[in-house]
Amino acid sequence: MAPSPRQLERRTVVGKHALLKQILEEGQVGERFTARGWLRSHRGSKAVSFLVLYDGSTMKTLQAVLPTDTPGYEEVAHQLTTGASVVVEGVLVESPGKGQRVELKADKVAVLGVADADTYPLQKKGHSMEFLRSIAHLRARTNVFGAVFRVRATLAQATHRFFGDRGFHYVHTPIITASDCEGAGEMFEVKATSTKDHFFGRQAMLTVSGQLNAEALAYGLGQVYTFGPTFRAENSNTSRHLAEFWMIEPEAAFYDIHDDMDLAEAYLKALITAVFEHNADDIDFLGKFVDKQLVQTLESTRDQTFERITYTDAVDILTKAKREWEFPVSWGIDLQSEHERFLAEEHFKRPVMITAYPKEIKAFYMFNNDDDKTVAALDVLVPRIGEIIGGSQREHRLDRLESRITADGMALEDYSWYLDLNRFGAVPHAGFGLGFERAVMFCTGMTNIRDVVPFPRSVGQAAF
RNA sequence: UCCGGCUUAGCUCAGUCGGUAGAGCAAGCGGCUGUUAACCGCUAGGUCGUUGGUUCGAGUCCAACAGCCGGAGCCA
């Protein structure tokens, strides 16, 4: 029988550049393969030698079994150390041992690049996250970081799929901005090394948010989202902060705060669904070695309806809680970490969406509610992470927007282009920002944000 | 930036009352009839973060500094 197109395609791929994932999942017993990868471990005994290979395509490893009388084995035996890159050829057979369906009965082995066992820092044992952070250029080779970065890739692709499927256009907003007045925190200044005066004719900074630009684009394209790097220069030293991170900011015309909440909830659930679909092995591993609650947390987040309460409800719950707060609770305060964690982790035990915050503690661009005391802000809190999404319905009524800017002591002329948006063809619209690294933390169980980005930038840290 | 903790072998850590340093893993060598972070034996490996102080004597007590970790603030 003639091979099907799919079989032909697979044969082509597998024959030339067989990924271990393909060999392990699709390889048939009796098929011959050339496996390329790095050694996770090498176990020798008198008659046979076991090589455990990984290549990054999957959490799983391929075990190659090599008789010690294989031609050429003697010459490379001492080079078969953890971390060495190898090419192994052989026939796929059912594995008599435990732990794997198939293994490669090898008859040919070559070492591409040695990894001197005396100096190669990674060993076939667990290392601390702190140590691995000090060798960030090598840590992608470990099980944990392989899993984390594969999940990260899935989350990025799932983001594009989710918004694309819903008619959101992917837009690119500037990384260099002259807008210093978004109130989002300390900024980095951008200067040309060879130009004395301001290169851009005025002071320029790295963006802290693409939101205002995204709003401009939403007024032409309807529904848009950004996915790009974001910079904050705060002297902030915690496991949840980076100086350079990635943010996803959807912005949709004709959305109100309730549409915004629906979108945020659907998006987070879509991310989790994608991870279970594409990274089952990775999640399984992370659930065993990083966070025993991981699978349960993700499943319940995916399957349960998010709690939706107002800020006033939240204050009520916190006031009545039998709990000593380090920061006393009363209407008007900004919610602190301890309050947010209590709501998500103890009171509701699920993600919580809080709306209608006092306008005094929120940004000028948020929609004023009818009570004239609160704005249509949205914070999404998840267990273990805290705030993962911050957003709002935007104020599109020009007079209200202008009076709010003035009331906050800012100059209208600094916002002339932003005000133009709502001077012409204003419509209700809403959006939010999701810190991508916090989403990766949530989906992997990692507790330090520096371990979910390959090369973290934070205060005093820009190595690699 | 504030509060607390940690820093001893390549890695993870122990080190009692102040008396000159220990284990497991990794490495090297040898053994082992198919292992699963294989196992067994032997060998080698240390300026105890840095500087100063107390003391006859400091890994151990004190101070400053540095780095890292946890928490807080700020935020996503």
Side-chain angles (χ1 to χ4, degrees), chain A residues 39-52 60-68 78 81-83 93 95-100 103 105 115-135 142-143 182-186 207-211 229-249 264 289 326-327 334-341 361-363 378-382 385-391 432-442 447-453 458-461 463:
Chain A
L39 282 180
R40 179 127 280 146
S41 83
H42 173 216
R43 296 183 288 273
S45 72
K46 198 170 198 173
V48 289
S49 184
F50 297 91
L51 306 178
V52 178
K60 292 203 178 86
T61 50
L62 175 70
Q63 173 163 280
V65 186
L66 196 69
T68 49
H78 66 287
T81 57
T82 297
V93 298
S95 178
K98 286 177 183 170
Q100 59 277 320
E103 62 186 28
K105 192 178 170 203
D116 180 20
D118 278 331
T119 50
Y120 184 59
L122 295 171
Q123 301 167 3
K124 50 181 173 183
K125 55 163 271 185
H127 293 284
S128 68
M129 290 297 150
E130 292 78 17
F131 173 67
L132 293 173
R133 216 171 286 149
S134 74
I135 50 166
T142 65
N143 282 327
E182 290 159 18
E186 296 289 317
T207 185
V208 292
S209 166
Q211 182 200 317
T230 309
F231 307 87
R232 302 277 166 90
E234 246 100 28
N235 185 5
S236 173
N237 207 322
T238 80
S239 54
R240 302 188 307 281
H241 286 86
L242 290 170
E244 175 184 295
F245 63 101
W246 288 67
M247 190 151 68
I248 290 140
E249 296 178 286
F289 293 98
E326 190 188 340
F327 296 88
D334 211 349
L335 298 182
Q336 305 295 319
S337 286
E338 57 171 343
H339 308 138
E340 295 181 346
R341 295 190 64 150
I361 60 173
K362 288 294 182 181
L378 164 65
D379 278 10
V380 182
L381 315 178
V382 294
I385 309 294
E387 185 181 346
I388 195 169
I389 283 178
F432 61 76
L434 169 123
F436 188 58
E437 280 75 14
R438 289 192 183 170
V440 180
M441 287 171 80
F442 185 67
T447 53
N448 193 314
I449 202 166
R450 298 180 189 97
D451 298 329
V452 298
V453 60
S458 55
V459 188
Q461 180 59 265

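Here is the naming used below: chain letters follow the sequence lines, and residue numbers restart at 1 for every chain.
- Among C69(B), C11(B), G34(B), the nucleotide with an atom closest to any side-chain atom of Pro96(A) is G34(B).
- If you find the closest nucleotide of RNA chain B to Val459(A) and to Gly99(A), the one lying nearer the 5' end belongs to Gly99(A).
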Dot-bracket encoding of pairs in RNA chain B, which uses [ ] for pseudoknotted crossings and | for another strand, Watson-Crick or G-U under 3.5 angstrom: (((((((..((((.....[..)))).(((((.......))))).....(((((..]....))))))))))))....
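- Between Asp379(A) and Lys362(A) there is a salt bridge, since a side-chain N of the basic residue sits under 4.0 Å from a carboxylate O of the acidic one.
- Separation of the C1' atoms belonging to A58(B) and U51(B) is 15 Å when rounded to the nearest angstrom.
- Phe245(A) comes within 4.0 angstrom of a nucleotide base, judged by non-hydrogen atoms across all strands.
- Checked against side-chain hydrogen bond (donor to acceptor under 3.5 Å, both in side chains), Asn235(A) has no partners two or more places apart in sequence or in another chain.
- Counting only distance, with no hydrogens or angles, the side chain of Glu244(A) and the backbone of Leu242(A) share no donor-acceptor pair below 3.5 Å.
- Not one N or O on the side chain of Ser95(A) forms a donor-acceptor pair closer than 3.5 Å with the backbone of Glu103(A).
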Nucleotide N/O of nucleotides 24-27 of chain B paired with protein N/O under 3.5 Å:
residue	atom	partner	partner atom	Å
A26(B)	O4'	Gln123(A)	OE1	3.3
A27(B)	O2'	Asp118(A)	OD1	2.3

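- Going from atom CG of Leu381(A) over to atom P of C75(B) covers 14 Å, rounded to whole Å.
- Separation of atoms CZ (Phe327(A)) and CG (Asp334(A)) is listed at 11.0 Å; rounding is to 0.5 Å.
- Residue Arg43(A) places at least one side-chain N or O under 4.0 Å from the OP1 or OP2 atom of A38(B).
- Atoms CD (Glu130(A)) and C1' (C11(B)) sit 13 Å apart, rounded to a whole Å.
- Of the two residues near RNA chain B, His42(A) and Glu387(A), the one whose nearest nucleotide lies more 5' is His42(A).
- To the nearest whole angstrom, the two C1' atoms, one in C68(B) and one in G45(B), are 25 Å apart.
- Backbone-only contact: Ile389(A) has heavy atoms under 4.0 Å from sugar-phosphate atoms and none from a base.
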Is there any protein nitrogen or oxygen under 3.5 Å from a nitrogen or oxygen in nucleotides 3-6 of chain B, and what are the pairs?
none

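- Using a 4.0 Å heavy-atom distance criterion, Gly97(A) is classed as a base contact.
- The separation between Asn448(A) atom CG and C69(B) atom P is 6 Å, rounded to whole Å.
- Put simply, the side chain of Glu437(A) never gets that close to the backbone of Val452(A): no donor and acceptor are under 3.5 Å apart.
- In this structure, Arg133(A) atom CZ and C11(B) atom C1' are separated by 16 Å, rounded to whole Å.
- In terms of phosphate contacts, Ser41(A) brings a side-chain nitrogen or oxygen within less than 4.0 Å of OP1 or OP2 of A38(B).
- Annotation: A44(B) and C29(B) have their P atoms spaced 15 Å apart (nearest Å).
- One finds the CG atom of Leu51(A) at 11.5 Å from the OG1 atom of Thr61(A) (value rounded to the nearest 0.5 Å).
- Counting to the nearest Å, the C1' atom of C75(B) and the NZ atom of Lys362(A) are 10 Å from each other.
- Here the CZ atom belonging to Phe50(A) is positioned 10.5 Å from the CG atom belonging to Leu66(A), to the nearest 0.5 angstrom.
- Panel note: side chain His339(A), backbone Gln336(A); a donor-acceptor pair is recorded below 3.5 Å.
- One can place CZ of Phe131(A) at 14 Å from P of C69(B), the figure rounded to the nearest angstrom.
- Comparing C6(B) with U43(B), their C1' atoms are spaced 33 Å from each other, to the whole Å.
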For a side-chain hydrogen bond (donor to acceptor under 3.5 Å, both in side chains) check, start with the C-alpha distance between Arg43(A) and Ser41(A), then their side-chain angles and the critical distance, and finish with the verdict. CA-CA 7 Å; Arg43(A) 296 183 288 273; Ser41(A) 83; 3.3 Å; yes
What protein N or O atoms touch nucleotides 71-73 of chain B N or O atoms at under 3.5 angstrom, if any, and at what distances?
residue	atom	partner	partner atom	Å
G71(B)	OP2	Ser239(A)	OG	3.0
A72(B)	OP2	Arg240(A)	NH1	3.3
A72(B)	N6	Asn237(A)	O	3.4
G73(B)	OP1	Gln336(A)	OE1	2.6
G73(B)	OP1	Ser337(A)	N	3.4
G73(B)	OP2	Ser337(A)	OG	3.0
G73(B)	O6	Ser236(A)	OG	3.0
G73(B)	N2	Asn235(A)	O	3.1

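- Rounded to an integer number of Å, the gap from CZ of Arg40(A) to C1' of U36(B) is 13 Å.
- To the nearest angstrom, C1' of G30(B) lies 12 Å from NZ of Lys46(A).
- An OP1 or OP2 oxygen of U36(B) is reached within less than 4.0 angstrom by no side-chain nitrogen or oxygen of Lys98(A).
- Asp451(A) meets the salt bridge (charged side-chain N to carboxylate O under 4.0 Å, His left out) test with Arg133(A), Arg139(A); sequence neighbours excluded.
- The main-chain N or O of Leu381(A) is never found under 3.5 Å from a side-chain atom of Glu387(A) such that the two would form a donor-acceptor pair.
- Ile385(A) CD1 to Met441(A) CE: the interatomic distance, rounded to the nearest 0.5 Å, is 4.5 Å.
- Between the Gln63(A) side chain and the Val52(A) main chain, no donor and acceptor come within less than 3.5 Å of each other.
- Residue-level contact check: Glu249(A) touches neither bases nor backbone, having no heavy atom under 4.0 Å from any strand.
- Using C1' as the reference atom, G4(B) and A9(B) are 29 Å apart when rounded to the nearest Å.
- Using a 4.0 Å heavy-atom criterion, one finds that Gly126(A) contacts the bases of the nucleic acid, with or without backbone contacts as well.
- Nucleotides C39(B) and A26(B) are separated by 16 Å at their C1' atoms, to the nearest Å.
- Side chain of Ser128(A) to main chain of Phe131(A): a donor-acceptor pair is present (N/O by atom type, distance under 3.5 Å, no hydrogens or angles).
- Contact annotation for Glu437(A): no contact, since no heavy-atom pair falls under 4.0 Å across all strands.
- Side-chain contact between Val48(A) and Thr68(A) is absent, with no heavy-atom pair separated by less than 4.5 Å.
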